[in-house]
> 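I'd like to ask some things about the structure below.
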Amino acid sequence: MGLSEIQARIAKACAEAGRSTDEVHLIAVSKVQPPERIAAVLEQDHRLFGENRVQEAAGKWPDFRARFDGVSVHLIGPLQTNKARQAFDLFEAIHSVDRPKLAKTIARLAQDEGGCPDLFIQVNTGEEPQKAGILPGDADAFIQECRAMDLPLRGLMCIPPVDETPSLHFALLGKIAARNGLNGLSMGMSSDFEQAIAFGATHIRVGSAIFGERVSPSG
Ligand SMILES: *Cc1c(COP(=O)(O)O)cnc(C)c1O
């Protein structure tokens with residue numbers, strides 16, 4: 001596989017869903033990938049990437065940003081409050097806002113810095129104890145809480161349980177977003193991004209299908 005094949009599959013899925021490809025942003029998930037594979041994707045003019053660890057992103061993206069214009073990197077993995085300030089410097093968007101304490105820290109930083117990355121609230125649609133994310137039953141209240149703090153909410157994000165039909169989770173995420181007036185839906189990975197597009201995904205997070213298998217898996 002590779003970037004152009006994924007772009008073709010996105011175009012086909014959009015056509016089948018009656019959607020414009022402009023509505024679907026492809027986040028190339030570059031975690032753990034060797035720098036030469038990332039450079040190869042940048043050289044094909046792709047500019048939107050995803051990382052799941054603050055430290056790892058800090059180690060490689062400043063260099064790539066110096067070499068390539070218009071790079072945008074989204075944090076798709078968990079964020080500790082003590083790394084939030086660093087995350088402001090590294091990412092154009094954070095997809096893992098999942099608890100009041102983190103939201104409050106981000107709100108304080110946004111005031112200090114006079115700006116804030118775009119934010120997605122992560123919803124634990126499968127209610128898995130080991131997984132991050134606000135529970136579906138708490139999502140409406142948490143969204144309101146974030147809005148009351150003037151946070152720039154772009155939408156919702158989910159990672160469906162591995163052993164369940166992802167569509168059910170995509171549909172649930174879409175429903176929570178719609179009833180809260182949110183447009184962004186960060187959902188869909190290498191194995192299910194076409195279904196996610198059918199269910200309204202605006203940001204799909206695709207790693208191994210673009211870059212090849214990760215050498216050592218990270219999250
Ligand atoms: C690693 C990761 C992805 C990409 O996974 P692939 O199966 O390689 O496409 C997407 N979302 C999150 C949150 C991830 O951690």
Side-chain angles (χ1 to χ4, degrees), residues 1-10 13 24-68 70-80 83 86-87 89-98 117 120 122-126 128-133 156-167 169-170 173 185-197 201-219:
M1 285 218 212
L3 182 65
S4 55
E5 188 177 332
I6 297 305
Q7 286 165 335
R9 284 171 57 187
I10 292 169
V24 179
H25 302 278
L26 170 61
I27 301 173
V29 178
S30 48
K31 63 183 183 197
V32 196
Q33 297 291 350
E36 55 280 8
R37 285 195 197 163
I38 300 171
V41 170
L42 282 159
E43 270 149 22
Q44 294 170 76
D45 283 336
H46 191 77
R47 290 293 181 268
L48 176 56
F49 292 82
E51 290 285 344
N52 71 336
R53 289 180 187 189
V54 174
Q55 231 47 273
E56 189 185 332
K60 60 192 187 197
W61 283 99
D63 275 357
F64 285 129
R65 285 187 195 271
R67 284 168 59 196
F68 297 91
V71 166
S72 184
V73 185
H74 289 194
L75 178 66
I76 60 170
L79 180 58
Q80 294 167 260
K83 298 230 172 95
Q86 204 183 355
D89 294 335
L90 286 167
F91 303 107
E92 275 76 11
I94 297 170
H95 291 233
S96 50
V97 181
D98 64 351
F120 291 78
Q122 182 172 354
V123 182
N124 186 354
T125 56
E128 296 172 279
Q130 81 286 6
K131 203 168 265 177
L156 305 180
M157 179 270 221
C158 76
I159 308 171
V162 284
D163 53 353
E164 288 183 29
T165 313
S167 324
H169 297 272
F170 298 155
L173 198 71
L185 287 173
S186 168
M187 58 190 197
M189 317 193 347
S190 289
S191 55
D192 54 22
F193 67 86
E194 282 131 324
Q195 284 155 277
I197 289 171
T202 58
H203 294 71
I204 57 173
R205 311 178 308 264
V206 180
S208 43
I210 293 175
F211 293 100
E213 287 305 319
R214 288 180 284 278
V215 181
S216 71
S218 135

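The model shown is predicted, which means the values in this text are computed figures rather than measured ones.
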> Pairing donors with acceptors under 3.5 angstrom, does anything connect the side chains of Ser208 and Arg214?
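Looking only at side-chain atoms, Arg214 and Ser208 do not form any donor-acceptor pair under 3.5 Å.
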> Verify the distance criterion only: is there a donor paired with an acceptor across the side chains of Gln195 and Ser167 at less than 3.5 Å?
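A donor-acceptor contact under 3.5 Å links the two side chains.
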> Is Lys31 salt-bridged to Glu56, going by a charged N under 4.0 Å from an acidic O?
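A salt bridge is absent here (no side-chain N lies under 4.0 Å from a carboxylate O).
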> Nearest heavy-atom pair of Ile94 and Pro117: which atoms, and what distance?
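Scanning both residues, the minimum pair turns out to be CD1-CG, 4.1 Å.
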> Decide yes or no for Leu48 and His25: does some side-chain heavy atom of the first lie under 4.5 Å from some side-chain heavy atom of the second?
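Yes, at least one pair of side-chain atoms sits under 4.5 Å.
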> Can you tell which of Gln33, Lys60, His74 makes a side-chain hydrogen bond (donor to acceptor under 3.5 Å, both in side chains) with Glu51?
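The option that passes is Lys60.
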> Under the 3.5 angstrom rule, does the side chain of His46 hit a backbone N or O of Leu26 as a donor-acceptor pair?
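Here the side-chain-to-backbone pair exists.
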> Counting N and O atoms only, with roles assigned by atom type, does the side chain of Arg65 sit under 3.5 Å from a partner on the main chain of Leu90, one being a donor and the other an acceptor?
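It does hold such a pair.
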> For Gln44, check side-chain contact (heavy atoms from CB on, under 4.5 Å) against everything at least two apart and list the hits.
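Listed in chain order: Leu3, Val41.
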> Heavy-atom distance under 4.5 Å between the side chains of Val29 and Phe211, does that happen here?
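No, too far: nothing below the 4.5 Å cut-off.
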> Identify which one of Arg205, His203, Gln122 satisfies the side-chain hydrogen bond (donor to acceptor under 3.5 Å, both in side chains) criterion when paired with Ser186.
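Testing each of Arg205, His203, Gln122 against Ser186, the sole residue satisfying side-chain hydrogen bond (donor to acceptor under 3.5 Å, both in side chains) is Arg205.
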> Report yes if the distance between the aromatic ring centroids of Phe49 and Trp61 is under 6.0 Å, otherwise no.
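Between Phe49 and Trp61, the centre distance is under 6.0 Å.
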> Applying side chain to side chain donor-acceptor pair (under 3.5 Å), can you list everything that pairs with Thr202, at least two apart in sequence or on another chain?
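Residues passing side chain to side chain donor-acceptor pair (under 3.5 Å) with Thr202: none at all.
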> Is the closest basic N to carboxylate O distance between Glu213 and Arg37 below 4.0 Å?
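So Glu213 does not pair with Arg37 through a salt bridge.
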> Classify the side-chain pair His169/Thr125 by whether it contains a donor and acceptor separated by less than 3.5 Å.
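Present: a donor and an acceptor within the cut-off.
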